[in-house]
Participant: 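Have a look at this one before I ask anything.
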Amino acid sequence: MSDLEVQLPDGSHRSLHAGATANDLAVSIGARLAKDALAAEVNGQLVDLVSALPNGARVAIVTPASEKGREVLRHSTAHVMAQAVTRLWPGAHYAIGPAIRDGFYYDFSLPGGEHFSDDDLARIEAEMRKIVGEDQPFTRSEYSFEEGLELFKDQPFKVEIIQSVKSGASEEDLAELASPSVVSTYSNTPAFRDLCRGPHVPSTARLGFFKLMRVAGAYWRGDEKRPQLQRIYGTAWESKDALEAHLTQLEEAEKRDHRRLGQELDLFSFPSELGPGLAVFHPKGGTMRRVMEEYSRSRHVEEGYDFVNSPHITKSELFETSGHLDWYADGMYPPMELDDGQNYYLKPMNCPFHVLIFKARQRSYRELPIRMFEFGTVYRYEKSGAVHGLTRVRGMTQDDAHIFCTRDQMADELTSLLTFVLDLLRDFGLNDFYLELSTRPEKKAVGTLEEWREAEETLEKVANSAGLELVMDEGGGAFYGPKISVQARDAIGRTHQLSTIQLDFQLPQRFDASFIAPDNARHRPIMIHRALFGSVERFMAILIEHYAGNMPTWMSPEQVRVLGVRDDHDSYAQEVATTLRADGVRVEVELANEPLGARIRRAKLEKIPYIVVVGDDDVAHDTLGVNSRGSNDPERGVTIDDFRERLLKEIAEHSSPEAR
RNA sequence: GCCUGGGUAGCUCAGUCGGUAGAGCAACGCAUUCGUAAUGCGUAGGUCAGGAGUUCGAAUCUCCUCCCAGGCUCCA
């Protein structure tokens with residue numbers, strides 16, 4: 001009777017009766033697994049537990065505490081939410097409801113153009129709990145194209161999906177249907193049926209550890225020109241603990257939000273008088289920024305860069321020549337028209353200025369490569385809804401440089417450049433990277449095929465020799481050149497796109513930039529754009545979040561605070577400060593007119609790396625009490641020289657008190 | 001730009017049915033002189049984002065504008 005055999009993930013084989021389902025397999029393996037099972041993976045494809053197993057299949061039972069299991073239960077939870085919404089708003093249209101990272105969403109259009117409010121989330125959640133309590137089965141059915149259209153005739157978005165799958169499916173739509181020819185649906189009750197490829201959990205009772213997070217607007221098909229739907233985001237997990245852990249993690253992330261820390265640590269602010277995306281840096285943020293910029297400058301000097309400067313405003317002619325006005329006018333601040341009829345623009349980038357510097361006189365191949373660096377402040381008219389803290393602003397300073405070189409020099413330049421980039425990022429404490437290479441777009445691209453191929457190969461070779469993971473973004477380059485970008489993972493595992501290195505085959509051509517080569521003829525230079533921080537503001541934001549505000553000592557605005565135990569220790573505290581200041585350490589003294597505990601507390605909240613406390617013993621023996629950030633165990637009787645040496649070493653090494 | 005929510009003291013927030021503004025922290029003053037995360041008392045601080053409207057009366061209701069948050073779109 002055992003006429004069906006399947007293979008389990010551990011390579012073992014198992015015999016089952018003909019027509020056995022995934023669920024039968026789970027039962028045969030063990031009661032516990034059968035109880036846990038949510039779905040199955042058959043030959044790499046996720047299916048319902050009730051689906052019959054083909055002979056010889058590789059089968060894995062999917063349980064809740066796995067990525068695939070969570071995906072299934074998140075998707076099922078989205079269906080439950082859709083049902084809840086249709087119960088509460090009869091006639092609501094539902095569009096798409098996939099599982100996403102940490103949860104799910106579903107897009108709706110409510111009758112009469114109604115909108116969800118935040119209060120509705122609680123109502124919907126309550127209704128969802130009822131549905132979970134009702135232990136409704138997820139029942140799969142398959143229909144023909146025509147039957148599908150009939151079934152969903154009251155659901156215009158579903159009709160559109162069915163039709164578009166018929167006429168050439170997108171990834172997104174395929175997720176909704178079994179295949180172009182079969183319309184699969186899942187129903188929970190006679191009243192609720194959804195178009196879906198599946199799989200789903202066996203019953204709504206298997207769900208329950210979810211929370212609706214927020215309501216948002218989202219365009220149908222992600223298209224700005226199409227109707228805006230009401231999207232509800234939720235998070236869903238396999239257990240109460242997992243849900244709570246996720247919510248706690250969100251709180252932790254919020255605590256290290258650079259906007260919050262920027263306020264708490266008095267680094268910068270966004271005065272509403274200035275408008276969206278325009279920041280001012282306070283003294284402490286200004287110090288942090290200065291340290292970053294000074295370090296970057298000194299490294300660029302070592303790497304053979306020349307320092308240039310360019311104005312913030314220019315006649316329109318420059319951006320007409322560069323072509324930016326043709327394709328980027330929307331992203332620029334509108335022109336200022338002056339008396340003579342000239343239009344002047346704020347610069348949204350520095351590149352054309354640097355090309356003009358290159359062109360200021362005739363160039364010889366002997367001068368190349370020329371590397372021009374500028375902390376260039378640019379202004380971009382970001383949409384008001386797009387600005388975000390320091391990471392997406394309307395005015396920012398790029399650590400921008402352009403390298404003009406010959407084609408022969410290109411490979412060496414790219415190699416040393418990538419090394420430089422990674423070194424610099426490591427100096428700021430980021431060390432978990434991967435690279436992304438965006439290659440030639442199919443349709444339209446300037447530059448010769450060989451140039452592209454050579455640039456791409458070089459970038460790839462350099463990336464590989466750096467020993468880093470390389471993700472290909474085929475066809476993702478700009479039309480004017482390939483790009484490599486460095487993605488960095490921060491302390492809590494988020495990735496940020498940081499540095500970009502971009503080849504440009506176009507701008508030198510538009511500006512007719514050239515150099516005289518050994519053959520005594522004019523040749524076109526290759527231009528490399530690159531920014532290591534991206535923008536100083538954004539890089540600072542990423543570092544603040546990476547360190548949760550506990551900046552390494554060299555970057556801390558105040559490195560040491562000296563506190564006398566009583567006010568008769570204040571003059572010794574001042575002496576200590578003066579000694580350290582002579583070595584360039586940023587030290588402040590807070591006079592003893594408040595209890596020591598209160599002053600220590602304040603300094604701790606300000607995340608100052610070292611709090612130095614001096615009292616009778618220290619005055620008598622020329623010593624210090626050192627309270628390091630991150631430690632609850634202050635040291636007593638440290639000599640000034642010892643502390644000074646330690647501190648200077650830590651600053652030079654870009655280390656932190658926590659690292660000791 | 002679009003959707004939802006929000007804007008009350010420097011900060012975090014409370015403010016009921018529309019009846020004339022509150023707390024904690026911070027600041028300032030005085031006292032306290034203290035050895036590692038909050039000393040006590042007191043004082044001052046407000047065009048309730050801005051404007052218009054409804055009302056005898058508006059932080060509270062309506063409309064407009066600005067700014068913020070989370071999304072969507074966008075990010076050369």
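Atom set for the values below is all heavy atoms of this structure, side chains included, hydrogens, waters and symmetry mates excluded.
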Participant: May I ask you to say what A:Gly277 touches in the nucleic acid, namely base, sugar-phosphate or nothing, with a heavy-atom cut-off under 4.0 Å?
Facilitator: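 Counting heavy atoms under 4.0 Å across all strands, the contact made by A:Gly277 is with sugar-phosphate only.
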
Participant: If you check the A:Tyr233 side chain, which of B:C34, B:C2, B:C72 turns out closest?
Facilitator: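 When the side chain of A:Tyr233 is considered, B:C72 is the closest of B:C34, B:C2, B:C72.
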
Participant: Using atom P in both nucleotides, what's the gap between B:U12 and B:G70 to the nearest angstrom?
Facilitator: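 15 Å, rounded to whole Å.
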
Participant: Hey, would you say the A:Tyr106 and A:Phe104 ring centroids sit under 6.0 Å apart?
Facilitator: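 Ring centres of A:Phe104 and A:Tyr106 not closer than 6.0 Å.
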
Participant: In terms of relative ring orientation, are A:Tyr333 and A:Tyr379 parallel, tilted or perpendicular, with 30° and 60° separating the classes?
Facilitator: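 Answer is perpendicular, since the angle exceeds 60°.
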
Participant: Return the pairing partner of B:G22 with a 3.5 Å limit on both distances, Watson-Crick or G-U wobble; otherwise return none.
Facilitator: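 Across any shown strand, B:G22 pairs with B:C13.
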
Participant: Roughly how many Å is it from CD in A:Glu224 to P in B:C3, rounded to a whole number?
Facilitator: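 To the nearest whole Å, that distance equals 12 Å.
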
Participant: Counting only Watson-Crick or G-U wobble pairs whose two distances fall under 3.5 Å, which nucleotide matches B:U36?
Facilitator: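 No nucleotide pairs with B:U36.
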
Participant: Rounding to an integer number of Å, can you tell me how far A:Leu250 CG sits from B:G70 C1'?
Facilitator: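 In whole Å, B:G70 C1' lies 12 Å from A:Leu250 CG.
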
Participant: Among A:Glu650, A:Arg629, A:Gln559, which residue satisfies the side chain to side chain donor-acceptor pair (under 3.5 Å) criterion with A:Tyr610?
Facilitator: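 One option only clears the test, and that one is A:Glu650.
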
Participant: Looking only at the side chain of A:Val565 (C-beta and beyond, no hydrogens), which of the listed nucleotides B:U4, B:U36, B:C34 gets closest?
Facilitator: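 For the A:Val565 side chain, the nearest candidate turns out to be B:C34.
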
Participant: What nucleotide among B:G35, B:A27, B:A37 has an atom nearest to a side-chain atom of A:Arg602?
Facilitator: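 Selected nucleotide (nearest to the side chain): B:A27.
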
Participant: Over how many whole Å does the gap from A:Asp120 atom CG to B:C3 atom C1' extend?
Facilitator: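 In whole Å, B:C3 C1' and A:Asp120 CG are 14 Å from each other.
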
Participant: From CG of A:Leu278 over to C1' of B:C67, roughly how many Å is that when rounded to an integer?
Facilitator: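 About 12 Å, once rounded to whole Å.
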
Participant: Taking B:A37 as the reference, what is the distance to B:G5 when you measure between their C1' atoms (whole Å, please)?
Facilitator: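 Looking at atom C1' only, B:G5 and B:A37 are 36 Å apart.
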
Participant: Hey, is the side chain of A:His115 poking within less than 4.0 Å of OP1 or OP2 on B:C3, counting only N and O atoms?
Facilitator: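 The answer is no; no side-chain N or O of A:His115 sits under 4.0 Å from OP1 or OP2.
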
Participant: So what does A:Pro348 touch, heavy atoms closer than 4.0 Å: a base, only the sugar-phosphate, or nothing?
Facilitator: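 Counting heavy atoms under 4.0 Å across all strands, the contact made by A:Pro348 includes a base.
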
Participant: Which nucleotide, in any strand shown, forms a Watson-Crick or G-U wobble pair with B:C74, with both distances under 3.5 Å?
Facilitator: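 Looking at the geometry, B:C74 pairs with no nucleotide.
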
Participant: Where is the tightest heavy-atom contact between A:Arg510 and A:Asp326, given as atom of each residue plus distance?
Facilitator: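 Taking every non-hydrogen atom into account, NH2-OD2, 4.2 Å.
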
Participant: Expressed in whole Å, how much space separates the P atoms belonging to B:U60 and B:C17?
Facilitator: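 After rounding to an integer number of Å, I get 15 Å for this pair.
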
Participant: Report the base-pairing partner of B:A69 (Watson-Crick or G-U wobble, both distances below 3.5 angstrom), or none.
Facilitator: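 Looking at the geometry, B:A69 pairs with B:U4.
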
Participant: Has A:Ser272 got a side-chain N or O lying under 4.0 Å from the OP1 or OP2 atom of B:A49?
Facilitator: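 No.
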
Participant: Rounded to the nearest 0.5 Å, how far apart are CZ of A:Arg259 and CG of A:Leu390?
Facilitator: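 If I round to the nearest 0.5 Å, the distance is 9.5 Å.
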
Participant: Please report the distance separating the P of B:U8 from the corresponding atom of B:C48, rounded so that it comes out in whole Å.
Facilitator: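 About 12 Å, rounded to a whole number of Å.
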
Participant: Expressed in angstrom and rounded to an integer, what is the separation of A:Glu606 atom CD from B:A26 atom P?
Facilitator: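 Rounded to the whole Å, the gap is 12 Å.
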
Participant: With sugar-phosphate meaning primed atoms plus P, OP1 and OP2, does A:Asp568 contact a base, only sugar-phosphate, or nothing at under 4.0 Å between heavy atoms?
Facilitator: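 If one applies the 4.0 Å heavy-atom cut-off, A:Asp568 turns out to touch nothing in the nucleic acid.
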
Participant: Would you say A:Tyr219 reaches B:G1's phosphate, i.e. side-chain N/O to OP1/OP2 under 4.0 Å?
Facilitator: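 So the side chain of A:Tyr219 is outside the cut-off, no N or O lying under 4.0 Å from OP1 or OP2 of B:G1.
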
Participant: When you compare the protein's N or O atoms with those of nucleotides 10-12 of chain B, which come within less than 3.5 Å of each other, and at what distance?
Facilitator:
none

Participant: Which nucleotide in the set B:C72, B:A37, B:G35 lies at the smallest distance from any side-chain heavy atom of A:Asp617?
Facilitator: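 Nearest to the side chain of A:Asp617 among the choices is B:G35.
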
Participant: Remember a base hit wins even if backbone is also touched, and classify A:Tyr480 as base, sugar-phosphate or nothing at under 4.0 Å, heavy atoms.
Facilitator: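 If one applies the 4.0 Å heavy-atom cut-off, A:Tyr480 turns out to touch the sugar-phosphate alone, with no base involved.
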
Participant: Syn or anti for B:C17, please, going by whether the chi angle lies within 90° of 0.
Facilitator: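 In terms of base orientation relative to the sugar, B:C17 is syn.
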
Participant: Output the rounded distance in Å from OH (A:Tyr572) to C1' (B:G35).
Facilitator: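 Computing the A:Tyr572:OH to B:G35:C1' distance gives 14 Å.
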
Participant: Strictly by Watson-Crick or wobble contacts shorter than 3.5 Å, is anything paired with B:U62, and which nucleotide is it?
Facilitator: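 The base-pairing partner of B:U62, which may sit in any strand shown, is B:A52.
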
Participant: Would you say the base of B:C3 and the side-chain of A:Gln228 have a donor-acceptor pair closer than 3.5 Å?
Facilitator: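 It does not, because no donor-acceptor pair links the side chain of A:Gln228 to the base of B:C3 below 3.5 Å.
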
Participant: Both A:Glu635 and A:Pro595 contact RNA chain B. Which one's nearest nucleotide lies toward the 5' end?
Facilitator: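 Checking each residue's closest nucleotide, the 5'-ward one belongs to A:Glu635.
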
Participant: Given A:Leu563, which of A:Arg602, A:Glu588, A:Arg599 fulfils the side chain to side chain contact (heavy atoms under 4.5 Å, CB included) condition?
Facilitator: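 The residue from A:Arg602, A:Glu588, A:Arg599 that satisfies side chain to side chain contact (heavy atoms under 4.5 Å, CB included) with A:Leu563 turns out to be A:Arg599.
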
Participant: Hey, does A:Gly625 reach any base, or is it just sugar-phosphate, or nothing, if we go heavy atoms under 4.0 Å?
Facilitator: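 Base: the residue A:Gly625, judged by heavy atoms under 4.0 Å, touches a nucleobase.
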
Participant: Before you tell me yes or no, could you show the steps for A:Ser269 and A:His282 under side-chain hydrogen bond (donor to acceptor under 3.5 Å, both in side chains), namely the whole-Å CA-CA distance, both residues' side-chain angles and the distance that decides it to 0.1 Å?
Facilitator: CA-CA 8 Å; A:Ser269 60; A:His282 302 190; 2.7 Å; yes

Participant: Any non-hydrogen side-chain atom of A:Tyr233 less than 4.5 Å from a side-chain atom of A:Asp102?
Facilitator: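 No, too far: nothing below the 4.5 Å cut-off.
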
Participant: Give a yes or no on whether a donor-acceptor pair under 3.5 Å exists between the nucleobase atoms of B:G35, that is its base, and the side chain of A:Asp616.
Facilitator: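 Flag unset: no donor-acceptor pair detected.
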
Participant: Which nucleotide in the set B:G35, B:A37, B:C2 lies at the smallest distance from any side-chain heavy atom of A:Val613?
Facilitator: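 Within the option list, the nearest is B:G35.
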
Participant: Taking atom P of B:A69 as reference, at what distance in whole Å does atom NE2 of A:His258 sit?
Facilitator: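 About 9 Å, once rounded to whole Å.
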
Participant: Using the C1' atom in both, what is the distance from B:C74 to B:U16, to the nearest Å?
Facilitator: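 Between the two C1' atoms, the distance is 44 Å.
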
Participant: Looking only at side-chain atoms of A:Ala218, point me to the closest of B:U32, B:G70, B:C72.
Facilitator: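 Selected nucleotide: B:C72.
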
Participant: Could you tell me how far apart A:Phe104 (CZ) and B:G71 (P) are, to the nearest whole angstrom?
Facilitator: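 My rounded result for the distance is 16 Å.
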
Participant: Can you tell me which nucleotide in B:C74, B:C3, B:A37 comes closest to the side chain of A:Glu382?
Facilitator: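 Given the options B:C74, B:C3, B:A37, the side chain of A:Glu382 is closest to B:C74.
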
Participant: For B:A37, does either OP1 or OP2 sit under 4.0 Å from a side-chain N or O belonging to A:Arg599?
Facilitator: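 For A:Arg599, the contact criterion (side-chain N or O under 4.0 Å from OP1 or OP2 of B:A37) is not met.
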
Participant: Side chain of A:Ile600, heavy atoms from C-beta onward: which of B:G70, B:A37, B:G35 has the nearest atom to it?
Facilitator: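 Ranking B:G70, B:A37, B:G35 by closest atom to the A:Ile600 side chain puts B:A37 first.
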
Participant: Could you work out which one of B:G1, B:C3, B:G71 sits closest to the side chain of A:Gln230?
Facilitator: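 So the nucleotide nearest the side chain must be B:C3.
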
Participant: Do the ring planes of A:Phe108 and A:Phe116 sit parallel (below 30°), tilted (30 to 60°) or perpendicular (above 60°)?
Facilitator: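 Judged by the thresholds at 30° and 60°, the geometry between A:Phe108 and A:Phe116 is perpendicular.
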
Participant: Rounded to whole angstrom, note down the C1' distance from B:A23 over to B:C63.
Facilitator: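 It works out to 33 Å between them.
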
Participant: Suppose you measure atom P in B:U54 against the same atom in B:G22; what distance do you get, rounded to whole Å?
Facilitator: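 Rounded to whole Å, the distance is 29 Å.
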
Participant: Has A:His388 got a side-chain N or O lying under 4.0 Å from the OP1 or OP2 atom of B:C75?
Facilitator: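 It does not, given that no N or O in the side chain of A:His388 lies less than 4.0 Å from OP1 or OP2 of B:C75.
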
Participant: Looking at A:Gly534, is its backbone amide N or carbonyl O close enough to the side chain of A:Asp399 to form a donor-acceptor pair, meaning the two atoms are under 3.5 Å apart?
Facilitator: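 A pair under 3.5 Å: yes.
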
Participant: Scan A:Asn632 against the nucleic acid and name what it touches under 4.0 Å (heavy atoms): base, sugar-phosphate only, or nothing.
Facilitator: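 Here A:Asn632 touches no strand at all.
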
Participant: Could you check which nucleotide pairs with B:A44 in any of the strands shown, counting Watson-Crick or G-U wobble with both distances under 3.5 Å?
Facilitator: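 Base-paired to nothing in any strand shown.
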
Participant: Could you measure between the two P atoms, the one in B:C3 and the one in B:G46, and give it in whole Å?
Facilitator: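 Taking atom P in both B:C3 and B:G46, they lie 36 Å apart.
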
Participant: Is the ring pair A:Phe404/A:Phe358 parallel, tilted or perpendicular, if the boundaries are 30 and 60 degrees?
Facilitator: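 Aromatic pair A:Phe404/A:Phe358 classed parallel.
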
Participant: Kindly confirm or rule out a cation-pi arrangement of A:Lys359 over A:Phe511, judged by NZ or CZ under 6.0 Å from the six-membered ring centre and within 45° of its axis?
Facilitator: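 So A:Lys359 doesn't make the cation-pi contact.
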
Participant: Which nucleotide in the list B:C72, B:U36, B:C68 gets nearest to the side chain of A:Leu596?
Facilitator: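 Given the options B:C72, B:U36, B:C68, the side chain of A:Leu596 is closest to B:U36.
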
